[in-house]
A.B. asks: 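This is the structure I want to talk about, given as structure tokens.
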Amino acid sequence: MTLYSLFDRPEPSPEAPVAVAEKFSWLATLLPPVFGLVHGLWLELIAFVVAVALIVVSSLWLGGETGFWLYVLLAMLIGFEAPSLRCGALKRKGWIYRTEFIAEADDLAQVQWLKSRGVSS
């Protein structure tokens, strides 16, 4: 079971609420740029590119192995912070945080949210 944060549009919309899993993201760790593109995290993607550029430049003085481990640490940080990054992006886009649900999958968390609001299928 996973904890999901539910975000909804402020005005009534046919669009389903978004459920963000509050857990480590392997996609964000292994492929940070792909994770950013998939979830529309443009500011975070730019920050990632700048951070990688700084790691590359600093590895000229610190050594290649140090640069590699700095990149690994950056990728792990992104993996752990992936839910917060997604929640922040949703808030910037105007979505409103509603509640949290514990569910086995994101679609089940969305169904629980809709049932709690009295929406029937």
Side-chain angles (χ1 to χ4, degrees):
M1 298 288 248
T2 304
L3 179 67
Y4 289 91
S5 297
L6 272 289
F7 288 84
D8 200 11
R9 289 274 184 200
E11 68 279 347
S13 171
E15 202 168 352
V18 174
V20 178
E22 298 290 335
K23 64 180 185 176
F24 181 80
S25 172
W26 282 103
L27 176 63
T29 300
L30 298 175
L31 299 168
V34 173
F35 175 79
L37 289 172
V38 166
H39 295 292
L41 305 173
W42 303 110
L43 294 175
E44 293 81 355
L45 185 59
I46 292 169
F48 172 76
V49 170
V50 169
V52 169
L54 290 173
I55 289 172
V56 168
V57 170
S58 68
S59 70
L60 297 174
W61 288 286
L62 300 174
E65 188 173 336
T66 304
F68 169 77
W69 288 111
L70 285 173
Y71 177 79
V72 168
L73 287 174
L74 175 65
M76 289 184 65
L77 175 68
I78 292 171
F80 282 112
E81 291 297 322
S84 323
L85 296 173
R86 285 193 62 202
C87 290
L90 286 169
K91 288 177 185 176
R92 283 193 306 273
K93 292 177 184 174
W95 291 73
I96 297 175
Y97 168 78
R98 297 295 185 183
T99 189
E100 293 177 341
F101 281 106
I102 296 175
E104 291 186 21
D106 59 347
D107 56 343
L108 296 176
Q110 291 171 337
V111 168
Q112 286 179 357
W113 166 246
L114 293 173
K115 283 183 180 178
S116 72
R117 297 197 61 196
V119 177
S120 62
S121 52

A.B. asks: Which pairs with one or both residues in residues 50-62 pass side-chain hydrogen bond (donor to acceptor under 3.5 Å, both in side chains), sequence neighbours excluded?
C.D. replies: none
A.B. asks: Name all residues meeting the side chain to side chain contact (heavy atoms under 4.5 Å, CB included) criterion together with Q112; count only those two or more places apart in sequence or in a different chain, and write none if there are none.
C.D. replies: F101, A103
A.B. asks: Are M1 and L3 connected in the hydrophobic side-chain network, where two residues link if heavy atoms are under 4.5 Å apart?
C.D. replies: yes
A.B. asks: May I have the list of side-chain donor-acceptor pairs in residues 68-78 shorter than 3.5 Å, sequence neighbours left out?
C.D. replies:
none

A.B. asks: So which heavy atom on A28 is nearest to which on G79, and how close?
C.D. replies: CB-CA, 4.0 Å
A.B. asks: State which residues pass side-chain hydrogen bond (donor to acceptor under 3.5 Å, both in side chains) with T2; sequence neighbours excluded, sorted by chain then number.
C.D. replies: none
A.B. asks: Taking the hydrophobic residues Ile, Leu, Val, Met, Phe, Trp and Tyr, and joining any pair whose side-chain heavy atoms are under 4.5 Å apart, which ones share a cluster with L90?
C.D. replies: F7, V18, V20, W95, Y97
A.B. asks: With sequence neighbours excluded, tell me which residues meet side-chain hydrogen bond (donor to acceptor under 3.5 Å, both in side chains) with E44.
C.D. replies: R92
A.B. asks: Once ring-ring contact (aromatic ring centres under 6.0 Å, His included) is applied, what residue pairs with a partner in residues 20-56 remain, sequence neighbours excluded?
C.D. replies: F24-W26, F24-F80, F35-H39
A.B. asks: Start with the C-alpha gap between E22 and C87, add the side-chain angles, then the distance that decides, and say whether side chain to side chain contact (heavy atoms under 4.5 Å, CB included) holds.
C.D. replies: CA-CA 10 Å; E22 298 290 335; C87 290; 3.9 Å; yes
A.B. asks: Name all residues meeting the side chain to side chain contact (heavy atoms under 4.5 Å, CB included) criterion together with V49; count only those two or more places apart in sequence or in a different chain, and write none if there are none.
C.D. replies: none
A.B. asks: If I compare all heavy atoms of I55 with all of G67, which pair ends up nearest, and what's the gap?
C.D. replies: CG2-O, 3.4 Å
A.B. asks: Residues two or more places apart in sequence or in another chain: which of them pass salt bridge (Lys or Arg N to Asp or Glu O under 4.0 Å) with R98?
C.D. replies: none
A.B. asks: Ignoring hydrogens, what is the shortest heavy-atom contact between Q110 and P17? Give both atom names and the distance.
C.D. replies: NE2-O, 2.6 Å
A.B. asks: List the residues meeting side chain to side chain contact (heavy atoms under 4.5 Å, CB included) with E11, not counting sequence neighbours, and say none if there are none.
C.D. replies: R9
A.B. asks: Within the supplied structure, the quantity of interest is the number of heavy atoms (other residues, nucleotides, ligands) at a distance under 6.0 Å from K93 NZ; does it exceed 12?
C.D. replies: yes
A.B. asks: In this structure, would L41 and V34 fall into the same cluster of hydrophobic residues linked by side-chain contacts under 4.5 Å?
C.D. replies: yes
A.B. asks: Could you tell me which residues satisfy salt bridge (Lys or Arg N to Asp or Glu O under 4.0 Å) with D106, sequence neighbours excluded, listed by chain and number?
C.D. replies: none
A.B. asks: NZ/K23 to OH/Y4 distance, rounded to the nearest 0.5 angstrom?
C.D. replies: 5.0 Å
A.B. asks: Linking directly or through intermediates, with side-chain heavy atoms under 4.5 Å: list the remaining ILVMFWY members grouped with L43, chain and number order.
C.D. replies: none
A.B. asks: Honestly curious: do V52 and V57 fall in one hydrophobic cluster under the side-chain, below-4.5 Å linking rule?
C.D. replies: no
